[in-house]
Number of protein chains: 2
Amino acid sequence: MNTKDIAVICKALGDNSRLRIIQMLFDGEKCGCKLLEDFDITQPTLSHHMKILCECGLVIDRKEGKWHHYSVNENTWNEFCYHVSSLGKVE
Amino acid sequence: MNTKDIAVICKALGDNSRLRIIQMLFDGEKCGCKLLEDFDITQPTLSHHMKILCECGLVIDRKEGKWHHYSVNENTWNEFCYHVSSLGKVE
DNA sequence: AAAACGTATTGACAAGTGTCTATGTATGTG
DNA sequence: CACATACATAGACACTTGTCAATACGTTTT
């Protein structure tokens, strides 16, 4: 994970809706329709946000029938946290 | 520091130039003209980025004569890192 | 087969962003 | 004073972004 990857993830987290989605997903895997209940956005907008979160590697989309179960990619998240906090450490 | 504050900081870090600036500032306080040497951007563009970094609280601007010495606000940074990594901890 | 449900895609739009050139402001120097 | 230096502001521009309505797609149920 390099500087650009970090910037892309930060950008993905730099939106209130997406940050709240990540927070909710840390509480456990959720499907899109469940997430949609807690937001004042339309389904296409949520779909757009989920695409961004998946593409940067932060979220995993587990498809099951007509449902999409979204969850935080712990590996990406941990690596991201590690690299961010490493910025402040003198080498 | 609440969710919106985190999002604002993430947004500020979600730009390659600004993220590199933060990295450079962790190496020590630097003035604008010194930062400018390492980037292929104009002075007004750098000024724009510094404004965003200062306004979200990540960077401190210490004015001394005609120079502006920029440095990372350690308090904000630590609080940010703490809150970000806390997202992944089950409460 | 038809209808219902969960999600994605398309196309449109206003608002925001990163960048530039040109110019202004403040401070130091001859 | 006049000039140079460090930085900010204003205005413009192309590009991106968040959002929506409309529609399409895939799956399940009736």
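Just so we're clear, the structure is a prediction, and the values are computed from it rather than from any experiment. Proteins come first, then strands; the chains are lettered A, B, ... in the order of their sequence lines, and each starts at number 1.
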side-chain contact (heavy atoms from CB on, under 4.5 Å) with A:S17: which residues, sequence neighbours excluded?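 Listed in chain order: A:D15, A:F39, A:H49.
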What residues, two or more places apart in sequence or in another chain, satisfy side-chain contact (heavy atoms from CB on, under 4.5 Å) together with A:L25?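 Partners of A:L25 under the side-chain contact (heavy atoms from CB on, under 4.5 Å) test: A:I21, A:K30, A:L35, A:M50, A:V59, A:Y70, A:V72.
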Summary of salt bridge (Lys or Arg N to Asp or Glu O under 4.0 Å) pairs that have at least one residue in residues 33-45 of chain A, sequence neighbours excluded: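 Listed by first then second residue: A:K34-A:E37.
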Which salt bridge (Lys or Arg N to Asp or Glu O under 4.0 Å) pairs, counting each pair once, include a residue from residues 48-63 of chain A, with sequence neighbours left out?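 Non-adjacent pairs meeting salt bridge (Lys or Arg N to Asp or Glu O under 4.0 Å): A:E29-A:R62, A:R62-A:E64.
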Quick one, [X] and [Y] - any side-chain contact, counting heavy atoms below 4.5 Å?
X	Y	answer
B:T76	B:M1	yes
B:F80	B:N73	no
A:L13	A:L58	yes

Holding to side-chain hydrogen bond (donor to acceptor under 3.5 Å, both in side chains), I want the full list of residues that pass it with [X], two or more places apart in sequence or in another chain.
X	value
B:S71	none
B:T3	A:Q23
A:E79	none
A:S47	none

A:N16 has an atom CG; how far is it from atom P of C:dG16, in whole Å?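 After rounding, the gap between these two atoms is 14 Å.
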Quick one: A:F39 CZ to C:dT7 C1', roughly how many Å, whole number?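 Atom-to-atom, A:F39 to C:dT7, this comes out as 17 Å.
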Considering only nitrogen or oxygen atoms on both sides, find all protein atoms under 3.5 Å from nucleotides 18-24 of chain D and state each distance.
{"from": "D:dG18", "atom 1": "OP1", "to": "A:R18", "atom 2": "NH2", "distance (Å)": "2.9"}
{"from": "D:dG18", "atom 1": "OP2", "to": "A:R18", "atom 2": "NH1", "distance (Å)": "3.2"}
{"from": "D:dT19", "atom 1": "OP2", "to": "A:H49", "atom 2": "NE2", "distance (Å)": "2.5"}
{"from": "D:dC20", "atom 1": "OP2", "to": "A:T42", "atom 2": "N", "distance (Å)": "2.9"}
{"from": "D:dC20", "atom 1": "OP2", "to": "A:T42", "atom 2": "OG1", "distance (Å)": "3.0"}
{"from": "D:dC20", "atom 1": "OP2", "to": "A:T45", "atom 2": "OG1", "distance (Å)": "2.9"}

With 3.5 Å as the limit, what N/O pairs link the protein to nucleotides 27-30 of chain C?
none

Just call it for A:Y70: base, sugar-phosphate, or nothing, with non-hydrogen atoms closer than 4.0 Å on any strand.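 It contacts sugar-phosphate atoms only.
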When rounded to the nearest 0.5 angstrom, what distance separates CD1 in A:I22 from CD1 in B:I6?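 Reported to 0.5 Å precision, the distance equals 13.0 Å.
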For nucleotides 1-3 of chain C, give me every protein contact, N/O to N/O, under 3.5 Å, one pair per line with atom names.
none

What are the residues of residues 28-37 of chain A, sorted by number, that bring a heavy atom to within less than 4.0 Å of DNA chain C?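 Listed by number, they are A:C31, A:G32, A:C33.
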